[in-house]
There are 2 protein chains.
Amino acid sequence: MTEPAHRGRASGTPRRPPTIHDVAAVAGVSRGTVSRVLQGGHNVSPASLEAVNAAIAKLGYVVNRAARSLVTQRSGSVAFLLTEPQERFFEDPNFTTLLRGCTAALATHDMPLLLMTAGDEAEQRRITRYLAAGHVDGVLLVSSHRGNPMIEQLREAEIPMVCCGKPLGQRGRVPYVAADDREGAKDMVRHLVESGRSRIATIAGPQDTPGGVERLYGYREVLDEYGIAFDERLVAYGDYSRAGGEEAAARLLATAPDLDAVFVASDLMADGALTALHQAGRSVPGDVAVGGFDDSPAALTTRPPLTTVRQPWDRISSEMVRLLLAQIAGEAQPTVILPTELVIRESA
Amino acid sequence: MTEPAHRGRASGTPRRPPTIHDVAAVAGVSRGTVSRVLQGGHNVSPASLEAVNAAIAKLGYVVNRAARSLVTQRSGSVAFLLTEPQERFFEDPNFTTLLRGCTAALATHDMPLLLMTAGDEAEQRRITRYLAAGHVDGVLLVSSHRGNPMIEQLREAEIPMVCCGKPLGQRGRVPYVAADDREGAKDMVRHLVESGRSRIATIAGPQDTPGGVERLYGYREVLDEYGIAFDERLVAYGDYSRAGGEEAAARLLATAPDLDAVFVASDLMADGALTALHQAGRSVPGDVAVGGFDDSPAALTTRPPLTTVRQPWDRISSEMVRLLLAQIAGEAQPTVILPTELVIRESA
DNA sequence: CTGAAAGCGCTTACAG
DNA sequence: CTGAAAGCGCTTACAG
């Protein structure tokens, strides 16, 4: 058996990892055969296969991805792109759960995740350029607000992409993965009605986000179902933040002091609403039942713990990765809507 | 002026971005000259420089990083590596702040960040292999617990690396960036003493983490400073979690019911301690002063808001990136210890 | 200051 | 099933 050609490595010289050439020499085959083994071992004799694998193990060979990328025109990596201002994103526990899930799902395929945040327009341009240049094979896009210009640009560049949540105001069809916001909201509001509440208010999210729109639709639909008249005074809007929820609840208390339940479109806002209710001297759930949305960690630390709607983040992330990889492989994939789950705790 | 050679692009054929060859053709120079412009424009005549830049703009040329990497043996990217079990990491607001800061600092240098999490041993092996193969130019390592095997392996592979927080139990010197835990703790305990507290307890972090050890040292040193005898009954340990802080506080209340202050080694644990104190009927800061550590978002939502020690996360992340890039450039860089800041609110 | 040429480490038709 | 060879898009001495 031939020893691998030792590359010179004077002290100070950075060590060079073994190449396919070294593996071929040790295994006694051509580089083409080594490459075929790397590609799955088709059209390779058992003897060659074994020799190559032994050589790979012996040398600790790892493929040079840059070289592979250069010929395959694939990077073997995927971008996780945030188009929200960063602060917001990193404060939202939903999003960190999503990031964690996507990293894990991609690791399964030995694909690294590039984290990119496009907070302002200059960054959006820089990143669009980067992505359009083919530095990644696809993009996992998180953008909750309507009219994101990057989506259109990425589509024009024909970069495989899947969004988290339905992208609002998009002409073309962009595949996405989302929880069933409307059904989730309906489950919650039905629960409120069935438990005897009659003056049910809602704190909706921003109306340029899919969750803001859909959860409000769900609320209205259940009211219709039960023949309850819709009352504008029972609707307030928040920005998904704690402070926003607190202010919205205070407004509701002023316009509709007789409310006996509030469906809040996020747990963070629900936490804020709890504070406002508390300050107004209303007990929860005695005087007012409160339902949240997300089942975020915050839902467990509020007093009382929040009854809420669980979003299946683990599945959302794994489905996003699945759709993206399929798209990269050239298979068109339909959008996926995942069911939510009503989690009953103490607040409603 | 010569038009760029249009590459055939039948419908369905993926579009190929322009290459250095196209730029050279449009600019009327050789590919070598285009490359020189890309490298900074040294040894290039003003006329050529201008022609090349115009061609680049006209074609929307972006360098192919895979091709560049192949020859430079540099990837132009950096890994952000987590060796903690993922769940913990993503729950800790300090860490998400760190991740955000590093992404932003690297973006400045047009370097993407690869997010990798090595939760178990299999993942550690896979990732060590990946990194040792030279797929990144350096590693930003977050690992708070003693005796992380990856650090040693990465050192052996001679991969540039900087840790967040002092890596405990490392033979060789690994450069790191950290807040001055001990001084921060001393500031807090001094504040407690100066405000008239005499039975000052502490809830320390795990003793296999630098923050756990150093903050406890700081506590003891200030006691010595003031000639206060150290009392073991005034020390409890937690795991940096809310629940851990609550349990530790309950234990302290049992062993030292006369305590009038607690220095807690993290805000999350302090939040838990507040709950325990509350349940025991102690008022804060009336009966017991509580000091935290981190100045995390949670410090603002506790009741009362937490007096705490701010860690300079923005600077920690930018310094980590600075050290790493210098190391990649071949310049040895010393460890950096950053000052903390006492933030006085209502709890102490 | 500039061009021609070698070479980075792979993959992939193409012959055989 | 296998090897020889071309080529992916760059960078970098080397001459001039």
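Letters A, B, ... are given to chains in the order of the sequence lines, protein chains preceding strands, and every chain is numbered from 1.
Ring geometry, A:Trp313 versus A:Phe95: the interplanar angle exceeds 60°, so the pair is classed perpendicular (tilted spans 30 to 60°).
Base contact: B:Asn43 has a heavy atom under 4.0 Å from a base atom. B:Arg31 comes within 4.0 angstrom of a nucleotide base, judged by non-hydrogen atoms across all strands. Contacts of B:Ser48 with the nucleic acid, taken as non-hydrogen atoms under 4.0 Å apart, involve only primed sugar atoms and P, OP1 or OP2.
Taking atom CG on B:Asp22 and atom C1' on D:dC10, their separation rounds to 13 Å, with Å as the unit. Between A:Leu38 atom CG and C:dG9 atom P the separation is 15 Å, expressed in whole Å. At whole-Å resolution of the value, NE2 in B:His21 and C1' in D:dC10 are 13 Å apart. Atom pair B:Gln39:CD and D:dA13:P shows a separation of 11 Å (rounding to whole Å applied). Spacing between atom CG of A:Leu70 and atom P of C:dG7 amounts to 17 Å, rounded to whole angstrom units. Between the C1' atom of D:dG9 and the CD1 atom of B:Ile20 lies a distance of 7 Å, rounded to the nearest Å. If you take NE2 of A:His42 and P of C:dA13, they are 14 Å apart, rounded to a whole angstrom. In this structure, CG of B:Asn64 is placed 16 Å from P of C:dG9, rounded to the nearest angstrom.
Between the side chain of B:Arg36 and the base of C:dG3, at least one donor-acceptor pair of N or O atoms lies under 3.5 Å.
Mapped onto DNA chain D by nearest heavy atom, B:Ser35 and A:Ala47 fall at different nucleotides, with A:Ala47 at the one closer to the 5' end. Ranked by how close their nearest DNA chain C nucleotide is to the 5' end, B:Ser30 and B:Gln73 are led by B:Ser30.
With values rounded to the nearest 0.5 angstrom, A:Leu70 atom CG is found 13.0 Å from B:Arg68 atom CZ.
Here the nucleotide nearest the side chain of A:Val44, chosen from D:dC10, D:dT2, C:dC10, is D:dT2. For B:Thr33, the side-chain atoms get nearest to C:dT2 when compared with the rest of D:dC10, C:dT2, D:dT11. Taking only side-chain atoms of B:Val71, from C-beta outward, the nucleotide of C:dT2, C:dG7, C:dT12 with the closest atom is C:dG7.
The existence of a salt bridge linking A:Asp120 and A:Arg126 is excluded, since no basic side-chain nitrogen approaches an acidic carboxylate oxygen closer than 4.0 Å.
The partner of C:dG3, taking Watson-Crick or G-U wobble pairs whose two distances both stay under 3.5 Å, is D:dC14.
Of the side-chain N and O atoms in A:Ser45, one or more sit less than 4.0 angstrom from OP1 or OP2 of D:dT2. Put simply, A:Thr19 has no side-chain N or O that comes within less than 4.0 Å of OP1 or OP2 on C:dG9.
For CD of A:Glu50, the number of neighbouring non-hydrogen atoms (other residues, nucleotides, ligands) closer than 6.0 Å is 12 at most. With a 6.0 Å radius and a threshold of 12 heavy atoms from other residues, nucleotides or ligands, A:Glu331 has its CD atom above the threshold.
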